Protein chains: 2
Amino acid sequence: MTAQHGTAPGTAPGTAHGTRRRSEASRRAILTAAFELVGEVGYAKLSIEGIAARAGVGKQTIYRWWPSKGAVLFDAFLMLSEGPDDSPALPDTGDLEADLKAVLRATVAELNDPRYDEPMRALNTEILHDPALAAAYAERLDGPMKELKKQRLRSAQRAGQLSGDLDLDVAIEMLWGPLLNRWLQRSGPLTPEYADTVVETALNGLRPR
Amino acid sequence: MTAQHGTAPGTAPGTAHGTRRRSEASRRAILTAAFELVGEVGYAKLSIEGIAARAGVGKQTIYRWWPSKGAVLFDAFLMLSEGPDDSPALPDTGDLEADLKAVLRATVAELNDPRYDEPMRALNTEILHDPALAAAYAERLDGPMKELKKQRLRSAQRAGQLSGDLDLDVAIEMLWGPLLNRWLQRSGPLTPEYADTVVETALNGLRPR
DNA sequence: AAAACGAGACGAGACGATCCGTCTTGACAG
DNA sequence: CTGTCAAGACGGATCGTCTCGTCTCGTTTT
C-alpha cells in the first residue's frame, strides 16, 4: 500500500479482521494536490498544510499514511507512472545508434518540459537526503525503466554492436549520466544535439579509432 | 566580497566613500559554523538562526551579507577550496588511462568521505533549485576544476591518445557524470573499481573494437 | 432480516514549538 | 557622524501532535 519506504508492514492496512477503510478518494486528492502544488509554488514553499488544504483533507490524514513529504511526492510520481501502460519496450530497429539517439532525445525533452521540471527536481531533492527513499526510487521508478534499457542493450550485444564483455549498468550510466548531470546542475545547455553527441562519443569511445 | 550570486554589484561593500568595515572574523565564523552545522544536523535542519547562534553572531549580520542560505553554504565551500593551493594540475605521466583512474578514484574517495558528504549534498540541493547559485557554482567552484581536467585531456589529445575531434566537455561529463549520478541518487556502490571500469569503458567505447 | 454496537478513518482545526525575515536597541569603531 | 556589530523582540508561516465530532462499515445481537 503506497510506498511508506521505511516502515515495517506491521498489520498491513487492509488485512486486519476488525474494520479499516482507507479513503481512495483522499489518497488520490492528496497525491494530485502534491504534484500540482510543487509545480506551482516550487519545492521550497511546498508544505504539508498546503497540500492538505488544496486536497480538502485533514493534515492528520497525510501524517497517518506517509512518513515524510518526500514519500508523498514519491507516491505522486508512482501514481503518474502507473497510469498508462508505459513499458512499451524501447525502439529496436536494428540501428542501435539511431535508437539510442531517439531515446536520449526523448529524455532530454522530458527533462526540459516545465510541467515535470519542478516536480522532478523536488523528488531528486528528497532522494538526495533520504537513503530509504532513494532505495524505493531505484526499485519502483528507476528500476523498471533501467530494465528496458538493459534489454535494448542486450539485444545490441547479441547483434555484435556492443562489446561482449560490457557492464551494462556502466554503459547505461555513461549514456544517461551526462544528461542527468547537466540537468541537475545546469552545467550546460540540454539540447537534442547534446544527446546525439553523447551517444556518438559513448559508442565510439574517447580514444581514436 | 563573497558570492552574492544574484545581486547586482551596486556599491560593492568595500568601495564607498563614507565608512564601512565588514568584520572578517564574523564572516569566517559564519561560514565555518554553516559548514560544521550542516554536517552535524543535516541539510533539513540547517537554519539561519542555528548558524548565527553557533557563530556568535546576530542574524542580521547574515541577512545583511548573504541573500540566501544557499549562498552562505556556497561561500563556505569557496572558503575551503581557496584555502590550500589546490590547482596543482592533474597528474600527467603520459599514461592517460592510469592518470584518469587515479583522479576518478580520488573523486570517489572524496564523495565517500563522511566529512564532505552531507555538506556537498546540501550544496547540491540548493543548486538544484537556484539557477543563479548554479551559475556561481559552475563559474567559481566547478569551472577551475573543469579547466584542469580539460588541460589533461588536451595533453592526451596532443599525444594522439584521444580522438582529435572530441568535444572535451562531453568527454568530461562522460567520465565524471556516472560517478556524480551514482553518488547523488545512490544508484549503486561507489567504489574505486567502479571508477576504473568507467575509465576503461569510456576510453574504449561501447562498441566492440 | 433489521437494529445496535464499536473500531477506525475522516475533516477540521487548536496547540506549542521552531524558524523565517524584519526591525529596534545600544555599544563601538573609523 | 555613519555604518557595522551582537542581541533579541516581533508577527507570520509551518511544523508535527492532539483532540474534537462525524462518518462508514463489519460484527453482533435481537
Side-chain angles (χ1 to χ4, degrees), chain A residues 1-2 4 6-7 10-34 37-38 40-73 122 126 129-130, chain B residues 1-2 4 6-7 10-34 37-38 40-73 122 126 129-130:
Chain A
M1 212 96 318
T2 86
Q4 289 288 16
T7 49
T11 299
T15 20
H17 62 298
T19 56
R20 95 275 55 158
R21 55 228 145 256
R22 149 103 100 136
S23 165
E24 178 65 14
S26 290
R27 186 181 154 272
R28 301 186 71 88
I30 288 165
L31 299 183
T32 303
L37 258 186
V38 79
E40 291 172 19
V41 307
Y43 166 75
K45 306 202 142 188
L46 180 68
S47 68
I48 299 279
E49 304 216 344
I51 297 173
R54 156 83 69 124
V57 138
K59 288 200 292 174
Q60 196 57 241
T61 302
I62 299 182
Y63 283 109
R64 177 153 37 229
W65 297 109
W66 288 277
S68 70
K69 205 161 62 179
V72 177
L73 231 28
E126 302 284 359
H129 297 284
D130 184 341
Chain B
M1 208 98 312
T2 85
Q4 289 286 15
T7 49
T11 300
T15 20
H17 61 295
T19 55
R20 92 276 63 155
R21 55 231 146 255
R22 150 102 100 134
S23 164
E24 177 65 14
S26 291
R27 186 182 153 271
R28 300 187 72 87
I30 288 165
L31 299 183
T32 303
L37 259 186
V38 79
E40 292 172 19
V41 307
Y43 165 75
K45 308 203 140 187
L46 179 68
S47 68
I48 299 278
E49 302 216 346
I51 297 173
R54 156 84 69 125
V57 137
K59 287 199 293 173
Q60 195 58 240
T61 303
I62 299 182
Y63 284 109
R64 178 153 35 230
W65 299 108
W66 287 275
S68 71
K69 206 161 62 179
V72 177
L73 230 28
E126 302 283 0
H129 296 285
D130 185 341

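What you see is a predicted model; the values in this text were computed from it and never measured.
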Residue [X], side-chain heavy atoms: nucleotide from [options] that is nearest:
X        : options                   : answer
Arg64(A) : dT17(D), dA9(C), dC20(C)  : dA9(C)
Ser47(B) : dC19(C), dG16(D), dC10(C) : dC19(C)
Gln60(B) : dT4(D), dG21(C), dA7(D)   : dA7(D)
Ile48(A) : dG16(D), dC5(D), dA12(C)  : dG16(D)
Thr61(A) : dC5(D), dT22(C), dC10(C)  : dC10(C)
Arg22(A) : dC5(D), dC10(C), dG21(C)  : dC10(C)

Please step through side chain to side chain contact (heavy atoms under 4.5 Å, CB included) for the pair Arg64(A) and Thr61(A), ending with a clear verdict. CA-CA 5 Å; Arg64(A) 177 153 37 229; Thr61(A) 302; 3.9 Å; yes
Atom-pair distance ([atom1] on [X]; [atom2] on [N]), nearest Å:
X        : N       : atom1 : atom2 : result
Ile62(A) : dC10(C) : CD1   : P     : 11 Å
Tyr63(A) : dA9(C)  : OH    : P     : 18 Å
Ile30(B) : dT4(D)  : CD1   : C1'   : 12 Å
Glu49(A) : dA14(C) : CD    : P     : 12 Å
Lys45(A) : dC15(D) : NZ    : P     : 13 Å
Ile51(B) : dG21(C) : CD1   : P     : 11 Å
Leu46(A) : dC15(D) : CG    : P     : 8 Å

I'd like to check [X] versus [Y] (side-chain heavy atoms, cut-off strictly below 4.5 Å). Are they in contact?
X        : Y        : value
Leu73(B) : Leu46(B) : yes
Ile30(A) : Trp66(A) : yes
Arg54(A) : Glu40(A) : yes

OP1 or OP2 of dC10(C) under 4.0 Å from side-chain N/O of Trp65(A): yes
Phosphate contact (dA9(C) OP1 or OP2) by Ser26(A) side-chain N/O below 4.0 Å: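 No, no such contact exists.
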Are Arg27(B) and Trp65(B) in a cation-pi setup, meaning NZ or CZ lies under 6.0 angstrom from the ring centre and within 45 degrees of the ring axis? no
Side-chain donor or acceptor of Lys59(B) under 3.5 Å from a matching atom on the base of dG8(D)? no
Students often get this wrong, so: under 4.0 angstrom with heavy atoms, is Gly50(B) touching a base, only sugar-phosphate, or nothing?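 No contact at all - Gly50(B) keeps every heavy atom at 4.0 Å or more from the nucleic acid.
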